[in-house]
Amino acid sequence: MAMQGGISMQEKVARLVSKQAKKPVLKPNRPLVLKDSVANRKPKRGEATCITEMSQMMVCWKANHFVEALCPNEMKTFYTCVKKAQVEARSQSEQMEGFQMKRLPAKQATTLLKRFPNIRTEV
């Protein structure tokens with residue numbers, strides 16, 4: 001039953017895409033050409049680390065009227081967590097450099113696309 005539905009769907013798509021009387025049935029609402037610019041979006045940030053350690057440290061500070069000398073254990077655990085997270089981030093970025101190229105920022109990609117524009121005629 002599923003094969004018959006899949007085949008009939010493929011036949012419908014083939015019929016709609018095929019050129020009948022030299023005019024396609026499906027008409028695009030925009031020209032089928034790439035733009036010479038890229039959307040200016042900021043890259044996503046990673047998730048925050050060491051939140052629990054930082055909150056424990058701040059609770060200790062508040063309980064001791066913000067005297068840092070009275071909370072050495074909490075501060076030590078927070079700073080070790082931060083160092084550990086930095087080492088992990090560095091090693092992860094080094095691994096990513098080996099596997100794939102870095103992405104260009106949107107502004108730099110737009111300048112390159114404007115320097116080498118696409119052909120504006122449809123195929």
| request: Please tell me if the side chains of Q86 and V82 come closer than 4.5 Å, counting only heavy atoms from C-beta onward. | output: yes

| note | V59 meets the side chain to side chain contact (heavy atoms under 4.5 Å, CB included) criterion, sequence neighbours left out, with none

| said: Holding to side chain to side chain contact (heavy atoms under 4.5 Å, CB included), I want the full list of residues that pass it with M75, two or more places apart in sequence or in another chain. | reply: M57, W61, E68, Y79

| note | Value for SG (C60) from CZ (F78), rounded to nearest 0.5 Å, stands at 13.5 Å

| field | Linked hydrophobic residues, V67 as query - side chain contacts closer than 4.5 Å | value | L70

| message | A106: which residues meet the side chain to side chain contact (heavy atoms under 4.5 Å, CB included) condition with it, sequence neighbours left out? | response | V38, N40

| query | Once you round to the nearest 0.5 Å, how far does OG1 of T52 lie from CD of Q56? | reply | 5.5 Å

| If we only count heavy atoms from C-beta on, is the C71 to N64 side-chain gap below 4.5 Å? | yes

| Looking only at heavy atoms, which two atoms of T77 and E53 are closest? And how far apart? | O-CG, 4.2 Å

| request: Supply the atom-to-atom distance M54 CE to T49 OG1, rounded to the nearest 0.5 angstrom. | output: 8.5 Å

| field | Distance (rounded to the nearest 0.5 Å) between T111 OG1 and L113 CG | value | 8.0 Å

